[in-house]
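Ligands are counted one by one from 1 in listed order, and the atoms in each one are counted from 1 as well. If you read the sequence from its start, that first residue is 1, and numbering goes on from there.
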Amino acid sequence: MMNSSSHPLHLCHLKKSNLIINRLYILFHSIALILLFSFRISSILTLFHSKNQPFIPHLLIFISELTLSFIWILSQSFLWRPVTRTVFPERLPGDDQLPPIDVFICTADPRAEPPLGVMNTVISAMALNYPAEKLSVYLSDDGGCPVTLEAMREALKFAKMWVPFCNKYGVKTICPEAYFSGREVDDEVMVDSYEFGAEQHRIKEEYESFARKVTKISESETCISNKDHSAVVEVMVEERTHDQVKMPLLVYVSREKRTSHPHHFKDGALNALLRVSNLLSNSPYILGLDCDMYCNDKNSARQAMCFHLDPNLSPSLAFVQFPQTFHNASKHDIYESTLRCTFKELKQCFGTSNEFIRSLYKKYNAKLDGEKDLFDESLQETKHLASCEYEDGTKWGNEVGFRYFSVAEDFFTSIIIHCRHWFSVYHIPSRPSFMGSCTTNLNDLLIQGTRWSAGLVEVGLSRFCPLIYGASRMPILQSFCYAWLALFPTCFISLWILATIPSLSLLNEITVYPKVTNPFFLVFLYVFVLSNLQHIREIHSTGASLHEWKHEQRVWMMKAITSHLYGSTHAIMEKLGVKEANFLPTNKVINEDEVKLHQMGIYNFQTSRMFLVPLCSLVTLNVLAFVVGIFRMVFHKEFIDEIFTQTFLSFYIVLMGYPVLEGMMLRKDKGRIAPTVSCYSLIFSVFILSFGKLLVTY
Ligand SMILES: O=c1ccn([C@@H]2O[C@H](COP(=O)(O)OP(=O)(O)O[C@H]3O[C@H](CO)[C@@H](O)[C@H](O)[C@H]3O)[C@@H](O)[C@H]2O)c(=O)[nH]1
Ligand SMILES: [Mn+2]
């Protein structure tokens, strides 16, 4: 293996200038925060003793500033030591020495996740630049839908033309849908050649015919998810052995589902795949994909191997993570691996399958190793492994496999892995490795945000809170990173306070920020300006535009006010046993109207009142405060000094909430905010005003 220190498989460079800027920012910002706290403490104490102005609003704002500062400190651990990584896949050993890989793709609901999209992900995985006999692609269908199985058979037929075409012409965009939609423009290879033109034309026709077939069967009534069925495992294996073209192994797994039995969502699906694949191909490495995350770079598996095959890293490297990128707008995906190595061979742990337990041994011959045919008994055994009772009384989901503790399974499982002293690598290649579809409307965004916050806060408020559980088990900065993720949704408290208390105080003639002439004003100004500048710098370093800053601030505020509030509440109610965990897959159906609005940067407010009423009410309240503030500053110039900051804050909130205001007052299209919702919001604003008056003047 060519892996001497002069020819390493990968390099890691420290970004020194970024490191210096980040640490200086942290230093100055921390000093400013200390000054800010001293201002708050002294003013609260003075007010408390003098009793000439209420101190409750000051106290509430102080609480929100403390919470935000705490979350800010945690978040700085991501910036402490910035690095970039380079890989040299050309230095990898020959194909015969590469380890096998199993690709896991999960789908759950054919209505929300159209089979054609899922098949594109499957086909792109089959076209990865990796020896076909060492690549096995598994699709877990939690929808238990025959249409998906049928679509997969069609996908295999098409892949038998697609994969050789990609190999022959060095096609870079290996996902057919993306290739033919012309989204990627770097596939100019051999465009001049007549032969290529003809081939491409033929393949395009084949793809269109395949897409038509799949779309047609997807429109049938049977294309719905089935929550009550036995396990289905279909190995598309003959195809592999009797054809000239070598194709990766393709396996369809739909684990048993019974309404009476908990199935643990994506975690459950992944664990079933772990067991079935252990029997069939038993690869030491797994590439985990969501059904909408197609492979965009055929070399990504080889890039991951640059880390996994480094003898210095390999023994303790758990996974390589790639950033999640979206073809329809921008975030991570994982190469999960070696999880299986940590397994112990106990039936109590792994369940009763002798065959599965045998598969845990190094010398195990996978059922589909080489050219062997699959025996009926083995197929029967895979169905047993995919049955819903298999895990009963075992340690699956608790100590083995993906953990069921939280609906943010990726987050929780990786905490456990890192706590066991494994580590991971985050690699950002120049060509995005995987492309997913992001949410293109507010409703999906907020529902997804609520699920994420619930899953994260569930961990944050448990004994697994990274600050407690992780503190002794992982490096301190890493536990801070995890703690940030687990706790940032709780910032909804701070945002609610900052959106209401300063404006309510303004309306009730209470000053909660230092006067403009007070030196402490500069401290507040510094914190506000510098944190935004740092945010802009981060955005700039990822190559995004300034618009992104506005967009991120806006979405952060909207999510904090709604998703994070509901998600955190959900997590608390789950702890109290009042509510059950839920995983509603994100909608991946493309709606042309929605896409148009999205591309024009216009929000689609077709979502529930639960989300809209708080947003509309808070914007309304701040419009009122801003108008009153301006009036008072114009007519009583002597007050400018006192109320400038609060008026500015309301202005900032209105500015960030402008699309909401527009949706309530100016828009007439379908995506606007309905007048009834505006009415409810008005009622709710009146409630906040009257209740708030009591609170702030107390
Ligand atoms: O019962 C279920 C529910 C979901 N899924 C699959 O899980 C994946 C992720 O679901 P999606 O609806 O796309 O959720 P996102 O919020 O977009 O996913 C993000 O957040 C999840 C954790 O909440 C992670 O698992 C994902 O990798 C991450 O992309 C999809 O492939 C689904 O088909 C299942 O297999 N079974
Ligand atoms: Mn998704």
Side-chain angles (χ1 to χ4, degrees), residues 103-115 117-122 125 138-145 148 225-227 252-257 259 261-274 286-294 319 321-336 386 388 397 402-415 434-441 443-459 485-486 489 559 563 567 570-571 580-590:
V103 183
F104 288 2
I105 302 168
C106 292
T107 183
D109 178 354
R111 290 265 171 235
E113 306 175 327
V118 181
M119 293 313 136
N120 265 285
T121 304
V122 170
Y138 291 83
L139 177 71
S140 152
D141 177 20
D142 262 358
C145 178
T148 308
S225 50
N226 179 357
K227 304 230 157 41
Y252 171 89
V253 179
S254 181
R255 61 188 170 130
E256 184 188 11
K257 281 260 186 90
T259 37
H261 222 274
H263 59 80
H264 304 290
F265 315 105
K266 186 183 171 189
D267 299 352
L270 289 172
N271 282 342
L273 280 187
L274 274 175
I286 303 163
L287 160 59
L289 297 174
D290 287 352
C291 62
D292 62 336
M293 248 175 232
Y294 64 78
F319 57 86
Q321 203 179 7
F322 288 84
Q324 202 171 31
T325 15
F326 300 108
H327 63 76
N328 54 345
S330 175
K331 187 188 145 194
H332 61 257
D333 193 279
I334 49 174
Y335 273 93
E336 284 287 356
C388 55
F402 290 85
R403 307 304 155 98
Y404 298 153
F405 187 75
S406 153
V407 280
E409 81 301 323
D410 42 358
F411 173 69
F412 183 69
T413 305
S414 67
I415 292 186
F434 307 100
M435 299 282 243
S437 61
C438 62
T439 51
T440 53
N441 66 60
N443 188 49
D444 288 342
L445 177 86
L446 296 180
I447 292 179
Q448 184 189 49
T450 307
R451 161 161 53 82
W452 283 346
S453 337
L456 297 172
V457 172
E458 224 171 342
V459 179
L485 278 160
K559 276 190 168 176
S563 298
H570 193 124
E580 262 182 33
N582 195 9
F583 191 134
L584 199 67
T586 313
N587 184 37
K588 291 150 186 110
V589 182
I590 298 165

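- Between the CG atom of L273 and the NZ atom of K266 there is a distance of 11.0 Å, given to the nearest 0.5 Å.
- Under 4.0 angstrom from ligand 1, the non-hydrogen atoms of T586 come from both its backbone and its side chain.
- Considering only residues two or more places apart in sequence or on other chains, A386 meets the side chain to side chain contact (heavy atoms under 4.5 Å, CB included) condition with A231, V253, R255, V276.
- With atom 16 (O) of ligand 1 as the reference point, the heavy atom nearest to it among Q448, H263, R255, K257 is part of Q448.
- Residue P585 has at least one heavy-atom neighbour below 4.0 Å for each of these atoms of ligand 1: 12 (O).
- The side-chain heavy atoms of K257 and N226, taken from C-beta on, include no pair separated by under 4.5 Å.
- On a distance-only criterion, E113 and ligand 1 share at least one N/O pair closer than 3.5 Å.
- Proximity to T107 (heavy-atom distance under 4.0 Å) selects the following atoms of ligand 1: 33 (O), 35 (O).
- The shell of residues lying under 4.0 angstrom from ligand 1, judged by heavy atoms, includes M293.
- In terms of modelled atom types and a separation under 3.5 Å, the side chain of T325 and the main chain of M435 share no donor-acceptor contact.
- Between A108 and ligand 1, at least one pair of N/O atoms sits closer than 3.5 Å.
- Taken to the nearest 0.5 Å, the NE2 atom of H570 stands 10.0 Å off from the OG1 atom of T450.
- Results of the ring pair (Phe, Tyr, Trp, His ring centres under 6.0 Å) test with F405 over F265, F411, F412 single out F412 as the only residue that passes.
- The backbone of V407, and not its side chain, has at least one atom closer than 4.0 Å to an atom of ligand 1 (non-hydrogen atoms only; backbone = N, CA, C, O).
- Residue contacts with ligand 1, taken as heavy atom pairs separated by less than 4.0 Å, involve W452 solely via side-chain atoms from C-beta onward.
- S140 and A269 get closest at one heavy-atom pair: OG-CB, 3.4 Å.
- Applying the side chain to side chain contact (heavy atoms under 4.5 Å, CB included) test to A112 and every residue at least two apart in sequence or in another chain returns D109, N587.
- For the residues L270, D290, N582, D141, the heavy atom positioned nearest atom 28 (C) of ligand 1 is part of D290.
- Look at C291 and you'll find a heavy atom under 4.0 Å from some atom of ligand 1.
- The D142 neighbourhood of ligand 1 comprises atoms 1 (O), 2 (C), 34 (C), 35 (O), 36 (N), with distances under 4.0 Å to a heavy atom of that residue.
- Residue K588 approaches ligand 1 through these ligand atoms, each under 4.0 Å from one of its heavy atoms: 11 (P), 12 (O), 13 (O).
- In the vicinity of E409, heavy-atom distances shorter than 4.0 Å reach the ligand 1 atoms 22 (C), 24 (C), 25 (O).
- Among the atoms of S140, none of the N or O lies under 3.5 angstrom from an N or O of ligand 1.
- Distance check, rounded to the nearest 0.5 Å: OG of S406 to CH2 of W452 gives 13.0 Å.
- Put simply, the side chain of R111 does not reach to within 4.5 Å of the side chain of S225, judged on heavy atoms.
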